[in-house]
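Structure record follows, encoded as structure tokens.
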Amino acid sequence: MLLLPLALLSTVTKAKVFGRCDLARVLQEEGLDGYGGYSLANWLCMAFYVSTFNTAAQSFKADGSADYGIFQISSQLWCTDDHSPSDNGCRVACRDLLSSNITDDIICAKRIVRNPQGMNAWEGWAMHCKGRDLSEWVEGCNL
């Protein structure tokens with residue numbers, strides 16, 4: 001009985017809330033600056049508005065699907081979980097998108113943005129970032 005709470009605790013402790021500039025450096029190192037025609041500032045703005053830079057963010061939808069991780073990747077289309085059927089376009093388990101290692105999140109986000117809708121796939125980006133001056137998102141980060 002004690003093992004389950006410890007297992008849950010270890011899952012939670014692997015999550016991370018990034019600082020803006022720390023995340024900017026990671027995303028730049030992983031090649032997101034300019035990827036799909038979107039600046040690093042666009043990626044940062046989107047990540048902030050969908051997850052507040054929290055790798056453990058989860059949002060559950062009325063249809064039984066959920067969004068996971070720092071980029072809020074949908075279980076309906078991109079990852080697989082135990083709650084809803086999925087196309088699993090990124091070939092990843094949704095739970096793997098909740099850790100502090102965001103390499104799999106980045107690989108999946110690159111896959112998503114290659115679709116015709118680009119970053120419009122993220123409602124948070126479309127509502128808060130699209131068509132705006134986003135220079136403040138990278139300001140002072142010494143990239």
Side-chain angles (χ1 to χ4, degrees), residues 4-143:
L4 182 59
L6 288 177
L8 292 174
L9 181 62
S10 70
T11 299
V12 171
T13 59
K14 291 180 185 175
K16 178 177 183 172
V17 178
F18 278 87
R20 178 178 55 88
C21 291
D22 289 337
L23 182 59
R25 280 186 276 284
V26 170
L27 298 183
Q28 186 176 53
E29 288 168 9
E30 295 291 333
L32 279 182
D33 191 12
Y35 192 88
Y38 298 97
S39 69
L40 183 59
N42 275 283
W43 290 98
L44 288 166
C45 182
M46 178 271 284
F48 177 79
Y49 281 105
V50 301
S51 72
T52 58
F53 303 147
N54 184 353
T55 67
Q58 293 182 62
S59 303
F60 297 94
K61 309 292 182 188
D63 66 4
S65 69
D67 295 336
Y68 292 86
I70 200 161
F71 299 128
Q72 289 295 276
I73 293 170
S74 170
S75 66
Q76 192 173 41
L77 299 170
W78 303 108
C79 64
T80 186
D81 64 13
D82 297 329
H83 309 294
S84 61
S86 175
D87 292 341
N88 198 9
C90 289
R91 304 288 179 250
V92 65
C94 297
R95 72 180 167 276
D96 293 344
L97 301 172
L98 300 174
S99 73
S100 60
N101 180 340
I102 63 169
T103 301
D104 46 6
D105 305 67
I106 292 169
I107 291 167
C108 188
K110 286 178 175 180
R111 168 72 186 86
I112 293 167
V113 85
R114 286 194 307 263
N115 282 333
Q117 64 185 15
M119 287 196 92
N120 285 302
W122 288 278
E123 190 176 312
W125 177 83
M127 290 176 53
H128 301 283
C129 312
K130 184 178 182 177
R132 299 187 184 192
D133 176 6
L134 302 176
S135 56
E136 68 182 284
W137 289 99
V138 292
E139 196 172 287
C141 291
N142 300 318
L143 298 169

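This one's a predicted model, so the numbers in the text were calculated from it and none came from an experiment.
A donor-acceptor distance shorter than 3.5 angstrom exists from the side chain of Ser100 to the backbone of Lys14, with no hydrogens or angles considered. The backbone N or O of Ser65 lies less than 3.5 Å from a partner atom in the side chain of Asp63, making a donor-acceptor pair. Listed for the Asn88 side chain is a donor-acceptor partner under 3.5 Å among the backbone atoms of Arg91.
With values rounded to the nearest 0.5 angstrom, Arg20 atom CZ is found 10.5 Å from Phe48 atom CZ. Cys45 contributes atom SG, which lies 8.5 Å from atom CE of Met119 (distance to the nearest 0.5 angstrom). To the nearest 0.5 Å, atoms CZ (Arg25) and CD (Glu30) are separated by 14.5 Å. For the atom pair Ile112 CD1 and Ser74 OG, the distance stands at 8.0 Å (nearest 0.5 Å). Cys90 contributes atom SG, which lies 6.0 Å from atom CH2 of Trp78 (distance to the nearest 0.5 angstrom).
The aromatic ring centroids of Trp122 and Tyr49 lie 6.0 Å or more from each other.
Every pair passing side-chain hydrogen bond (donor to acceptor under 3.5 Å, both in side chains) that includes a residue from residues 134-143 is listed here, sequence neighbours excluded: Asp133-Ser135.
Considering only heavy atoms from C-beta on, Asp67 stays 4.5 Å or farther from Gln58 through its side chain. Counting heavy atoms from C-beta on, the side chains of Ser39 and Asp33 come closer than 4.5 Å.
Counting all heavy atoms, side chain and backbone alike, Ser86 lies closest to Cys79 at OG-O, 2.6 Å. The minimum heavy-atom distance between Cys129 and Met46, with the atom names listed, is SG-N, 3.7 Å. Contact between Ile70 and Ser51 at its shortest, heavy atoms only, is O-OG, 2.7 Å. Between Ser59 and Gln72, the shortest heavy-atom distance links the atoms OG-OE1, 2.7 Å. Leu40 and Gln28 make their closest contact through CD1-N, 3.9 Å (heavy atoms, listed as atom of the first residue, atom of the second, distance). Among all heavy-atom pairs drawn from Gln117 and Ala121, the shortest one is NE2-CB, 3.0 Å.
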Going through the distances and angles, do Phe71 and Cys108 end up as a side-chain contact (heavy atoms from CB on, under 4.5 Å)? CA-CA 9 Å; Phe71 299 128; Cys108 188; over 6 Å; no
Evaluation steps, side-chain hydrogen bond (donor to acceptor under 3.5 Å, both in side chains), between Asn101 and Thr103: CA-CA 6 Å; Asn101 180 340; Thr103 301; 2.9 Å; yes
Test side-chain contact (heavy atoms from CB on, under 4.5 Å) applied to Leu44 and Val138, step by step: CA-CA 8 Å; Leu44 288 166; Val138 292; 3.7 Å; yes
Walk me through whether Tyr38 and Trp125 qualify under ring pair (Phe, Tyr, Trp, His ring centres under 6.0 Å). CA-CA 11 Å; Tyr38 298 97; Trp125 177 83; 5.6 Å; yes
Could you walk me through whether Asn42 and Leu134 pass the side-chain contact (heavy atoms from CB on, under 4.5 Å) test, one step at a time? CA-CA 7 Å; Asn42 275 283; Leu134 302 176; 3.2 Å; yes
Apply side-chain contact (heavy atoms from CB on, under 4.5 Å) to Gln76 and Asp87, showing your working. CA-CA 6 Å; Gln76 192 173 41; Asp87 292 341; over 6 Å; no
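Checking Trp43, Phe18, Tyr35 one by one against Leu27, the side chain to side chain contact (heavy atoms under 4.5 Å, CB included) holds for a single residue, Trp43. Partner of Thr55 under the side chain to side chain contact (heavy atoms under 4.5 Å, CB included) criterion, chosen from Leu98, Asp105, Ile102: Ile102.
When the shell of 6.0 Å around NZ of Lys110 is examined, it contains more than 12 heavy atoms from other residues, nucleotides or ligands.
Between Arg95 and Asp81 there is no salt bridge, since no side-chain N of the basic residue sits under 4.0 Å from a carboxylate O of the acidic one.
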